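Below is one structure, written out as structure tokens, with a few remarks after it.
Source: prediction; values computed, not measured. Both counts, for ligands and for their atoms, begin at 1 and track the order of listing.
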Amino acid sequence: MKNKILVANWKMNLSPDEEISLLKEVANLFKNNKKNIPDLEIIICPSFLALKQAKEVIKELPNFHLGAQNCFWEDKGAYTGEISPLYLKQIGIEFIILGHSERRTYLGEANEMINKKVRACLKNDLCPIICVGETFEEQQEGKRDYTIMHQTSTALEGLQVDESKRILIAYEPVWVIGRGKAVEPEQAEYANRVIQQTAIDCLPLDFVKQKMSFLYGGSIDEENVVSFKEQKTIDGFLVGGASLNPKEFFGIVLKM
Ligand code: 13P
């Protein structure tokens, strides 16, 4: 049985001080309500600037892990402004969000780059959280399945995996991110099945079944999370806006 997973992507919304205050508030909610908390893996992804301090805050919280919002594909060298997966690993980071649509859109991050980053994460025993999803235009033109299959297969191309590795894939339809209205849960379930089948075409079946998890992201909140969690292929959520409010985030936790 796979763990349920909840990922908080704080993007570039807060200053490092604000991020640490928010994390402390979330930590207090957990410490004070221990009995009611379902068994799940919580992955907090603040900005790079807050990662080291965040590590201290989550030390006493057993289900908490830290993720970065990106990394480079080389471990070290003359790559001005980039962040090394090796050094992220060394400061205790376990997960890396890769290929988020905001990076694809604003930074020109291409599928081939994402594949190199996925390889770099696996080499450094980091778990990639690969984001895939169609834009509004692609959805309108009936290209959703093609887009998510192509993004998934290029991200997973040529990977060497074994049972010590894990990979998470999040279906995030670009057109509902930050909109306050998610897609229908059945649509997310369908897309996750397409993604899972594509993963099976690329990687050994046992690895996909046991070591991969499939998430949904896009306007998840305390209200709608229940109808999504009933879907069979959705193992958890990648949450943006709602994760910035400690009570709302905790409300999602309680409903998982
Ligand atoms: P929202 O939850 O704000 O729609 O953001 C989703 C997202 O982009 C998480 O990575």
Side-chain angles (χ1 to χ4, degrees), residues 4-14 18-19 22-23 26 40-48 50-51 54 65-71 93-107 109 114 117-118 121 126-136 138-139 144 147-148 151-152 155 167-185 187-189 191-192 195 213-229 231 234-256:
K4 283 195 266 176
I5 299 170
L6 184 59
V7 187
N9 177 8
W10 290 350
K11 309 190 180 185
M12 203 182 72
N13 283 304
L14 302 171
E18 289 168 335
E19 290 181 306
L22 170 57
L23 188 54
V26 173
L40 79 168
E41 213 174 356
I42 298 188
I43 304 163
I44 305 285
C45 304
S47 66
F48 289 114
L51 284 173
H65 306 268
L66 279 182
Q69 296 174 20
N70 178 40
C71 73
I93 305 311
E94 296 170 80
F95 295 84
I96 313 279
I97 297 176
L98 292 177
H100 193 282
S101 62
E102 287 146 16
R103 294 195 60 81
R104 292 180 192 261
T105 305
Y106 303 124
L107 281 305
E109 202 156 286
I114 295 159
K117 293 180 180 200
V118 173
C121 283
L126 290 158
C127 173
I129 305 171
I130 304 164
C131 302
V132 301
E134 79 286 0
T135 61
F136 182 68
E138 286 164 338
Q139 192 258 350
R144 175 192 55 193
T147 303
I148 59 180
Q151 289 177 343
T152 303
I167 298 175
L168 274 46
I169 302 194
Y171 170 58
E172 292 210 312
V174 180
W175 49 286
V176 298
I177 291 178
R179 293 294 159 94
K181 178 144 180 33
V183 296
E184 293 302 320
Q187 282 178 276
E189 168 68 10
N192 270 18
I195 292 164
S213 300
F214 299 89
L215 315 181
Y216 168 76
S219 294
I220 279 293
D221 59 32
E222 214 178 334
E223 298 301 315
N224 63 18
V225 69
V226 176
S227 52
F228 281 88
K229 80 161 199 196
Q231 306 299 323
I234 299 181
D235 301 313
F237 304 97
L238 177 49
V239 184
S243 69
L244 296 168
N245 176 330
K247 289 208 178 79
E248 170 111 33
F249 184 63
F250 194 66
I252 296 175
V253 169
L254 294 181
K255 290 193 174 156
M256 280 189 66

**Request:** May I ask whether G178 has any heavy atom positioned less than 4.0 angstrom from an atom of ligand 1?
**Result:** yes
**Request:** Pick one of side chain, backbone, both or neither for how R179 approaches ligand 1, counting any non-hydrogen atom pair under 4.0 Å.
**Result:** neither
**Asked** Nearest heavy-atom pair of C45 and Q69: which atoms, and what distance?
**Response** O-NE2, 3.1 Å
**Prompt:** Between I177 and ligand 1, which part of the residue brings a heavy atom under 4.0 Å of the ligand: side chain, backbone, both or neither?
**Reply:** both
**Asked** If we only count N/O pairs under 3.5 Å, is N9 in contact with ligand 1?
**Response** yes
**Message:** Does the residue K11 have a heavy-atom contact with ligand 1, meaning some pair of atoms that are separated by less than 4.0 Å?
**Reply:** yes
**Message:** Please list, in number order, the atoms of ligand 1 under 4.0 Å from a heavy atom of L238.
**Reply:** 9 (C), 10 (O)
**Request:** State the CD-CD1 distance between Q151 and I114, to the nearest 0.5 angstrom.
**Result:** 7.0 Å
**Message:** I'd like to check which ligand 1 atoms, numbered from 1 as shown, lie under 4.0 Å from a non-hydrogen atom of E172.
**Reply:** 6 (C), 7 (C), 8 (O), 9 (C), 10 (O)
**Asked** Taking atom CD1 of I42 and atom CE of M256, what is their separation to the nearest 0.5 Å?
**Response** 8.0 Å
**Message:** Within the structure, is a non-hydrogen atom of S219 found at a distance of less than 4.0 Å from ligand 1?
**Reply:** yes
**Fill in**
When every non-hydrogen atom of V174 is compared with those of T135, the smallest separation belongs to CB-CA, 4.0 Å
**Where I148 and G133 come nearest, the two heavy atoms and their spacing** = CG2-CA, 3.9 Å
**Request:** Could you tell me how the ring of Y216 sits relative to the ring of Y171: parallel (under 30°), tilted (30 to 60°) or perpendicular (over 60°)?
**Result:** tilted
**Message:** Give me the atom names and distance for the closest heavy-atom approach of E41 to F95.
**Reply:** OE2-CZ, 3.7 Å
**Message:** With nothing but distance in play, are any N or O atoms of G241 less than 3.5 Å from an N or O of ligand 1?
**Reply:** yes
**Message:** Could you tell me, atom by atom, which parts of ligand 1 come under 4.0 Å of a heavy atom of G240?
**Reply:** 1 (P), 2 (O), 3 (O), 5 (O), 6 (C), 9 (C)
